[in-house]
Every structure is written in structure tokens, then in C-alpha cells.
Amino acid sequence: MTGAELKQLAGKDQQYQLFLEGHGHDADRQIGDNEAVTLKNGMHFYTVPPATFG
């Protein structure tokens with residue numbers, strides 16, 4: 001599945017950022033809309049809403 005498909009499945013707006021949670025001391029990784037992800041048991045994702053700075 002792509003990042004865009006995962007956000008759609010979660011019911012999130014496409015402007016949200018999608019992240020794959022790292023395990024242990026591994027850093028979380030942003031998943032791009034066109035990036036393919038092979039889903040595996042135990043993977044955890046989260047989204048971050050768009051922000052306005054200024």
C-alpha cells in the first residue's frame with residue numbers, strides 16, 4: 001500500500017503527514033504519499049495534521 005492509501009484507509013485528509021513508528025531506539029520514519037509500504041504484523045503508524053507556522 002502507498003502512504004496515500006494508508007491515510008485514506010485511516011480516514012485522514014491527504015494533507016496529513018504519515019509516520020511509521022520505529023522500534024526501540026529506531027527513529028520514526030515519514031512515509032510519502034507515493035511510497036509503497038509492505039505491511040507486516042506489529043507495524044504502527046500515526047498521522048500528524050498540517051500545521052501553520054508564522
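All of these numbers come straight from a predicted model, not from anything done at the bench.
Nearest heavy-atom pair across H23 and G42 is CE1-O, 3.8 Å. Contact detail for Y16 and K7: the closest heavy-atom pair is O-NZ, 2.7 Å.
Of the inter-residue distances, the one linking L18 atom CG with E35 atom CD reads 9.0 Å to the nearest 0.5 angstrom. The CG atom of D28 sits 11.5 Å away from atom CZ of F45, with the distance rounded to the nearest 0.5 Å. Here the CG atom belonging to D33 is positioned 5.5 Å from the CD atom belonging to Q14, to the nearest 0.5 angstrom. Of the inter-residue distances, the one linking L20 atom CG with H44 atom NE2 reads 9.5 Å to the nearest 0.5 angstrom.
By the 4.5 Å heavy-atom criterion applied to side chains, T47 and F19 are not counted as neighbours. In this structure, Q17 and I31 have side chains that are not in contact, with every pair of non-hydrogen atoms separated by 4.5 Å or more.
Residue M43 is grouped with residue L6 when hydrophobic side chains (ILVMFWY) are merged at heavy-atom distances under 4.5 angstrom, including chains of intermediate members.
Within a 6.0 Å sphere centred on CG of N34, other residues, nucleotides and ligands contribute 12 heavy atoms or fewer.
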